[in-house]
Amino acid sequence: MTSESRDALAAIREFALGLPEAYEEFPWGERVAKVNKKIFVFLGIDDERDENLAFSVKLPISNEDALNFPFTKPSGYNLGKSGWVKVSLFSSEPLPVDLFLRWVEESYRAIAPKKLIAQLKSVQHPHDL
């Protein structure tokens with residue numbers, strides 16, 4: 001994985017884990033971010049040989065728009081039917097990290113309890129800077 005891809009994935013992970021009561025687990029050997037015992041972003045398997053940046057998020061609002069990008073597709077295991085989108089970019093492509101952070105936040109909002117979503121107003125988001 002290139003340093004740009006590694007930095008982008010680190011920014012996505014840091015942002016996700018900075019959301020209220022978010023935490024990390026490793027089910028099935030894959031890194032995920034959860035809130036209230038539910039996954040809101042799949043961050044993939046750490047593999048230095050992998051040349052692409054890949055993660056999955058639930059996008060109930062922007063799903064249709066997100067699937068218009070050449071680097072997205074419905075997630076496997078029938079998750080795509082529930083609005084999950086897999087993002088996969090090769091390291092040579094530009095990485096729209098701000099867009100990815102908005103998608104992570106949308107996924108969080110789709111999964112988190114309302115009391116935690118209300119706390120987001122006080123969280124400073126990198127894409128709002």
Side-chain angles (χ1 to χ4, degrees):
M1 182 177 284
T2 66
S3 62
E4 184 180 9
S5 294
R6 196 174 7 266
D7 291 348
L9 190 57
I12 292 165
R13 179 178 171 265
E14 181 180 335
F15 178 75
L17 295 177
L19 294 168
E21 296 187 25
Y23 59 97
E24 189 171 67
E25 284 192 351
F26 296 86
W28 319 290
E30 184 170 2
R31 181 186 305 268
V32 300
K34 288 184 167 185
V35 63
N36 201 33
K37 299 181 183 177
K38 296 180 182 177
I39 297 170
F40 69 94
V41 61
F42 290 88
L43 293 164
I45 298 170
D46 290 330
D47 186 352
E48 288 296 316
R49 296 166 297 161
D50 193 357
E51 285 294 317
N52 48 332
L53 168 69
F55 65 96
S56 296
V57 286
K58 184 171 184 164
L59 301 176
I61 297 168
S62 62
N63 183 284
E64 191 174 317
D65 290 335
L67 290 173
N68 284 322
F69 287 95
F71 51 79
T72 60
K73 65 181 181 181
S75 294
Y77 304 105
N78 287 322
L79 290 172
K81 292 179 182 178
S82 299
W84 283 87
V85 173
K86 179 167 178 85
V87 176
S88 184
L89 287 99
F90 288 97
S91 59
S92 60
E93 297 177 73
L95 302 175
V97 177
D98 287 346
L99 175 64
F100 297 159
L101 298 182
R102 287 194 301 271
W103 287 351
V104 168
E105 182 179 333
E106 180 180 338
S107 189
Y108 177 87
R109 288 176 180 273
I111 303 295
K114 289 179 184 178
K115 68 178 178 117
L116 295 180
I117 294 170
Q119 293 178 27
L120 286 177
K121 295 174 192 166
S122 62
V123 175
Q124 185 155 17
H125 304 287
H127 60 272
D128 290 338
L129 297 175

task = Would you check if Leu53 and Val87 make a side-chain contact, meaning some heavy-atom pair closer than 4.5 Å?
result = no
remark   = Closest non-hydrogen atoms of Asn63 and Gly83, given as atom of the first, atom of the second and distance, are ND2-O, 3.0 Å
From Arg102 atom CZ to Leu59 atom CG, the distance as rounded to the nearest 0.5 Å = 11.5 Å
request  = Give a yes or no on whether Glu14 atom CD has more than 12 heavy-atom contacts from other residues, nucleotides or ligands under 6.0 Å away.
outcome  = no
remark   = Between the CG atom in Leu120 and the CD atom in Glu105, the distance rounded to the nearest 0.5 Å is 5.5 Å
task = Keeping the roles fixed (side chain from Glu21, backbone from Leu116), state whether a donor-acceptor pair exists under 3.5 Å.
result = no
ask   = Cluster question for you: counting only ILVMFWY and a side-chain heavy-atom cut-off of under 4.5 Å, with indirect links fine, are Tyr108 and Leu17 together?
value = no
query = So, Glu106 side chain and Ser62 main chain: donor-acceptor pair closer than 3.5 Å or not?
reply = yes
inquiry  = Quick check against the 3.5 Å criterion: does Tyr23 have a side-chain atom that pairs as donor or acceptor with the backbone of Lys37?
reply    = yes
ask   = How many angstroms lie between CG in Leu9 and CG in Leu43, if you round to the nearest 0.5 Å?
value = 6.0 Å
request  = Would you sort out whether Phe100 and Leu89 count as a side chain to side chain contact (heavy atoms under 4.5 Å, CB included), showing the intermediate values?
outcome  = CA-CA 12 Å; Phe100 297 159; Leu89 287 99; 3.4 Å; yes
From Ile39 atom CD1 to Glu25 atom CD, the distance as rounded to the nearest 0.5 Å = 8.0 Å
inquiry  = If you compare all heavy atoms of Ala16 against all heavy atoms of Val104, which two are closest, and at what distance to 0.1 Å?
reply    = CB-CG1, 3.8 Å
request  = In sequence, state the C-alpha distance, the side-chain angles, and the governing distance for Trp84 and Phe42, and then conclude on ring pair (Phe, Tyr, Trp, His ring centres under 6.0 Å).
outcome  = CA-CA 10 Å; Trp84 283 87; Phe42 290 88; 5.3 Å; yes
query = Does Ala54 offer a backbone N or O that forms a donor-acceptor pair with the side chain of Ser88 under 3.5 Å?
reply = no
key: Ring geometry between Trp103 and Phe71 (parallel below 30°, tilted from 30 to 60°, perpendicular above 60°)   = tilted
ask   = Which heavy-atom pair separates Ala8 from Leu95 by the least distance, and what is that distance?
value = CB-CD1, 3.8 Å
query = For the hydrophobic clusters of this structure (ILVMFWY residues joined by side-chain heavy atoms under 4.5 Å, transitively), does one cluster hold both Leu19 and Ile61?
reply = no
task = Would you check if the side chain of Ser107 reaches a backbone N or O of Val41 as a donor-acceptor pair within less than 3.5 Å?
result = no
message = If you compare all heavy atoms of Leu101 against all heavy atoms of Ala11, which two are closest, and at what distance to 0.1 Å?
response = CD2-O, 3.9 Å
Straight-line distance of Phe55 CZ to Ser75 OG, nearest 0.5 Å = 10.0 Å
